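Every chain is numbered from 1 and lettered A, B, ... according to where its sequence line falls, protein lines coming before strand lines. All figures in this text were calculated on a predicted structure; none of them were measured in a lab.
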Protein chains: 2
Amino acid sequence: MAKDSPNNLEAHLGYWVRYVSNHVSHAFTQKLAAKNVTVAEWVVLRELYSLGAVYPSELAEKLGMTRGAISKLVERLRVKCLAERYAVESDARYQTIELTAAGKRLTPTLAKLADENDHEFFGHLTKSQRTEVANLLKDIVQRNGWKDLPIS
Amino acid sequence: MAKDSPNNLEAHLGYWVRYVSNHVSHAFTQKLAAKNVTVAEWVVLRELYSLGAVYPSELAEKLGMTRGAISKLVERLRVKCLAERYAVESDARYQTIELTAAGKRLTPTLAKLADENDHEFFGHLTKSQRTEVANLLKDIVQRNGWKDLPIS
DNA sequence: TATTGTTATACTCTATAACTATA
DNA sequence: TATAGTTATAGAGTATAACAATA
């Protein structure tokens, strides 16, 4: 049966979604690398930018990651002087994470790279094409009840 | 400007493509794991299934990976008794890689999982929706001249 | 010297689970 | 004992570059 042939995968929509996704992400990875930032770091920077001071555990929750993973990412951002840890007086088990001034300056620049990257690969589509594809994809997200942010 | 705001990324089509791609791939990773196979291994299995006996360097070329990466993947498949190395008499620097009988049996089963996974997430779309999205994505692949297969 | 395949090393991304400090 | 955060360990995925064998 052709349906189950291992050579049939180009008939899969998921194949093309993954193909495009991987290449678009790869291009973005390269753009971020020019600013010495990885994709996972960008995700945290963006979240910190919009949330302000947060607990690592909140960050983990929001991003659908473990506390251990967040701990390492925050440490990397700290080493790069983009984020800082602050003690919480009321409960010494907690700490807040916050962007440094440098982090606050850098994040919008990275956002611009994200815009450029999107425009580079999807900018040629018409408005109605973009809308239709986006709606189909959002619908898939919704009907599967996915809530966490995509990371890689 | 809202356009460059770090909070604007949900307006990016690439965001939704990545979001869906990651979740669909993750679900497929789980299905493969039940068969004790990783995604990278599946990609090589599928290629070996359709190509028959090939040199590792050909495999690397076809899949857009380095020879080192292929070397390790082939070794993993060999340990799992899914593929085997054979000496080439005419030139001892070369070798051919080929699926074992078990590898040939398993690959169509994995292809079926790929079919099921695709149906699970995209099966609700109409034929014309699928076609339109696939065509837009294929067009993006073509206009960027991408040739290698997506891996992750 | 050029080529094939292997190996050493390294890095990203992530998880699980054990651990420390605090409550 | 329960919770926050850290660390140890592991494993997938991949690259670069040095290496051995062969041509």
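- OP1 or OP2 of C/dT7 has not a single side-chain nitrogen or oxygen of B/S71 nearer than 4.0 Å.
- Put simply, B/T38 has no side-chain N or O that comes within less than 4.0 Å of OP1 or OP2 on D/dG11.
- Nearest-nucleotide positions on DNA chain C for A/E41 and B/V74 put B/V74 closer to the 5' end.
- Across the protein-nucleic acid pair, A/L73 atom CG and C/dC11 atom P stand 16 Å apart, rounded to whole Å.
- Taking side-chain N and O atoms only, A/R67 has no distance below 4.0 Å to OP1 or OP2 of C/dA15.
- A/E58 has its CD atom 10 Å from the P atom of D/dA4, to the nearest Å.
- The 5' end of DNA chain C is approached more closely, in terms of each residue's nearest nucleotide, by B/I70 than by the other of B/I70 and A/G68.
- A salt bridge links B/R76 with B/E41; the closest basic N to acidic carboxylate O contact falls under 4.0 Å.
- Within the nucleic acid shown, A/E75 has no heavy atom closer than 4.0 Å to any nucleic acid atom.
- Here the C1' atom of nucleotide D/dG13 and the CZ atom of A/R18 are 14 Å apart, to the nearest Å.
- The side chain of B/T66 contributes an N or O atom lying less than 4.0 Å from OP1 or OP2 of D/dA15.
- Rounded to an integer number of Å, the gap from NZ of B/K72 to C1' of C/dA8 is 8 Å.
- B/T96 has its side chain within reach of B/Y55: a pair of non-hydrogen atoms, C-beta onward, lies under 4.5 Å apart.
- In this structure, B/R76 places its CZ atom 16 Å from C1' of C/dT7, rounding to the nearest Å.
- Between B/R85 and C/dT6 there is a side-chain N or O to OP1 or OP2 distance below 4.0 Å.
- Between B/R78 and B/E75 there is a salt bridge, since a side-chain N of the basic residue sits under 4.0 Å from a carboxylate O of the acidic one.
- A/W16 and B/F122 have their aromatic ring centers separated by at least 6.0 angstrom.
- Contact check for B/L73 versus B/M65: side-chain heavy atoms found under the 4.5 Å cut-off.
- Residue B/D91 contributes atom CG, which lies 15 Å from atom C1' of D/dA20 at whole-angstrom precision.
- What separates CZ of B/R93 from P of D/dC19 is a distance of 20 Å, to the nearest Å.
- Following rounding to the nearest Å, A/E61 (CD) and D/dG5 (P) show an atom-to-atom distance of 12 Å.
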